[in-house]
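One structure is given below, encoded as structure tokens.
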Amino acid sequence: MINQVYRLVSPRQFEVTYQDFSLKSDMIVVRPTHLSICNADQRYYTGSRGKEAMAKKLPMALIHEGIGKVVYDPKGEFVNGTKVVMVPNDPTAEDSFIAENYLRSSRFRSSGYDGFMQDYVFLKRDRLVEIPEEMNPYVAAFTELITIAMHSITRFESRSHKRRNTFGVWGDGNLGFIMSLILKKKYPESKVISFGKTQYKLDRFSFVDETYLIDNIPESVEIDHAFECVGGLGSQYAINQSIDLIVPEGSISILGVSEYPVEINTRMILEKGIILIGSSRSGRIDFQNTVDLYKEYPDIVDYFSTLIGEVQTVTSIQSIIEAFEKDLTSSWGKTIMEWKI
Ligand SMILES: NC(=O)C1=CN([C@@H]2O[C@H](COP(=O)(O)OP(=O)(O)OC[C@H]3O[C@@H](n4cnc5c(N)ncnc54)[C@H](OP(=O)(O)O)[C@@H]3O)[C@@H](O)[C@H]2O)C=CC1
Ligand SMILES: O=C(CO)[C@H](O)[C@H](O)COP(=O)(O)O
Ligand SMILES: [Zn+2]
């Protein structure tokens, strides 16, 4: 069958390409229904990813957050119409110690390899996870971002000491909101403190114990473990602030992506014996754990729905551009594309 793939060819410019795909393969065919824009996609769309990376990775279809419906399963295990979340990481090897998303041989969609902006996505059998039939599709669309927080919490749990009285989460955007919410659900007895730059954003974090603007933190505040969900240059300030507020031997999980290296206070990392935990992307197990989380705490999906920002129906390349432009000017939440092209 001939598939249409919508690829970014240069900043703000998409082109359709046609790919022949044999239905005789073992791949499952999924029709995307709801796609969600990540900051990483925006860095390619706007060209801020840097010349070298742009030259190396383009042309490619963007988007690694999305859901769809199964339209063809050669083995018939998935009934046609089954709603699934698609896993963007594509491992080519296994390792007993290194998770699939850290193997250098793995491919990741919309980072040098075509993402979900296609008429149909062809996936290996373990690269999709069924979602609850009745689930809000606009929330389900950004499940991948939720798996990022789930994955980093799994890493934190196996690497940090067990005193978890107080968590500090830096970032008053999408990932900071998701991280704060999951920590509060998983550790109801712990205090969760969210740190941000903008009061009206922090006002949405109604479920945490305390929120602070980063330039107005009382001296008495201290935390056992930190999660940095900021990215860019702001991550430098956030990491250093968390180093200052952390109790010795705590952990700092770093999730924010920075285009350039940032300067951090290594002297105090040493003096306090801090454990730094880098966390990037996620794998199939994190998607399964996230769907299980939706089932265990159905109210969490309602909280996540406050992150639905712009919704754009996509029927043409022009409407893809409109979605990315709206996302750039939106001050809160995720931009979702209803994929009807
Ligand atoms: N590790 C991974 O696998 C993944 C990483 N990411 C990365 O995580 C980062 C956050 O993503 P997302 O939440 O979607 O982005 P957002 O832009 O929605 O959130 C970042 C927020 O942090 C705020 N901020 C800036 N500086 C500080 C500071 N010093 N302290 C506290 N908050 C601050 C920003 O405010 P303002 O806008 O006013 O500056 C913004 O509200 C990005 O770098 C993204 O690329 C995303 C997905 C996966
Ligand atoms: O968003 C992400 C995962 O959800 C990662 O930040 C993204 O994959 C980084 O990719 P790149 O190296 O292409 O910027
Ligand atoms: Zn992402």
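As the structure lists them, so they are numbered: ligands from 1, and atoms in each ligand from 1. In this chain, residues are counted from 1 in sequence order.
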Between [X] and [Y], is any side-chain donor less than 3.5 angstrom from a side-chain acceptor?
X	Y	value
S110	D41	yes
Y6	D119	yes
D286	T147	no
T143	Y294	yes
S111	K57	yes
S22	S25	no
E157	T154	no
Y45	E325	yes
S152	S253	no
T313	E338	yes

Looking only at protein heavy atoms, which one is nearest to [atom], and what is the separation?
atom	result
atom 25 (C) of ligand 1	K197 CD, 3.3 Å
atom 28 (C) of ligand 1	I214 CD1, 3.7 Å
atom 14 (O) of ligand 1	N174 ND2, 3.1 Å
atom 47 (C) of ligand 1	L145 CD1, 3.5 Å
atom 20 (C) of ligand 1	V230 O, 3.8 Å
atom 41 (O) of ligand 1	D172 OD1, 2.5 Å
atom 37 (O) of ligand 1	K201 NZ, 3.5 Å
atom 12 (P) of ligand 1	N39 ND2, 3.7 Å

Taking 4.0 Å as the limit for heavy-atom contacts, which would you say applies to [X] with ligand 1: side chain only, backbone only, both, or neither?
X	value
R43	side chain
V257	both
F177	neither
S152	neither
S279	backbone

Any H151 heavy atom less than 4.0 Å from ligand 1: no

When you check the gap from the basic side-chain N to the acidic O, do [X] and [Y] get nearer than 4.0 Å?
X	Y	answer
D90	R107	yes
D299	K185	yes
R127	E100	yes
E249	K272	no

Shortest non-hydrogen pair, H225 vs R163, comes out as NE2-O, 2.9 Å

How far apart are the closest heavy atoms of F324 and M117, and which atoms are they? CE1-SD, 4.3 Å

Atom pairs and distances, ligand 2 N/O vs protein N/O under 3.5 Å:
unit_1, atom_1, unit_2, atom_2, d
ligand 2, 1 (O), H64, NE2, 3.3
ligand 2, 4 (O), H64, NE2, 3.1
ligand 2, 4 (O), E144, OE1, 3.1
ligand 2, 4 (O), E144, OE2, 2.8
ligand 2, 8 (O), R281, NE, 2.8
ligand 2, 8 (O), R281, NH2, 3.3
ligand 2, 10 (O), R281, NH2, 3.1
ligand 2, 12 (O), R49, NH2, 3.2
ligand 2, 13 (O), Y44, OH, 2.5
ligand 2, 13 (O), S111, OG, 2.6
ligand 2, 14 (O), R49, NE, 3.3

So L293 and M150, do their side chains get closer than 4.5 Å, heavy atoms only? yes

Pairs meeting criterion ring pair (Phe, Tyr, Trp, His ring centres under 6.0 Å) with involvement of residues 186-205, two or more places apart: F167-Y187, W170-F195, F177-F205

Close-contact set for ligand 1 against [X] heavy atoms, below 4.0 Å:
X	value
R281	2 (C), 3 (O)
G256	8 (O), 9 (C), 43 (O)
I148	2 (C), 3 (O), 4 (C), 48 (C)
F195	31 (C), 32 (N)
G171	22 (O), 31 (C), 32 (N)
G234	26 (N), 29 (N)
S280	1 (N), 3 (O)
L175	8 (O), 12 (P), 13 (O)

Please work out which of V169, T198, L255 has its closest non-hydrogen atom nearest to atom 1 (N) of ligand 1. L255

ring-ring contact (aromatic ring centres under 6.0 Å, His included) for F227 and F156? Distances and angles first, verdict last. CA-CA 9 Å; F227 291 83; F156 154 77; 5.4 Å; yes

Answer with yes or no after comparing the ring centroid distance for F116 and H34 against a 6.0 Å cut-off, counting only values under it. no

Could you name all protein N, O or S atoms found under 2.8 Å from the Zn ion (ligand 3)? C38 SG, H64 NE2

Apply side chain to side chain contact (heavy atoms under 4.5 Å, CB included) to R125 and list each qualifying residue two or more places apart in sequence or on a separate chain. I28, D73, P74, K75, E77, F78

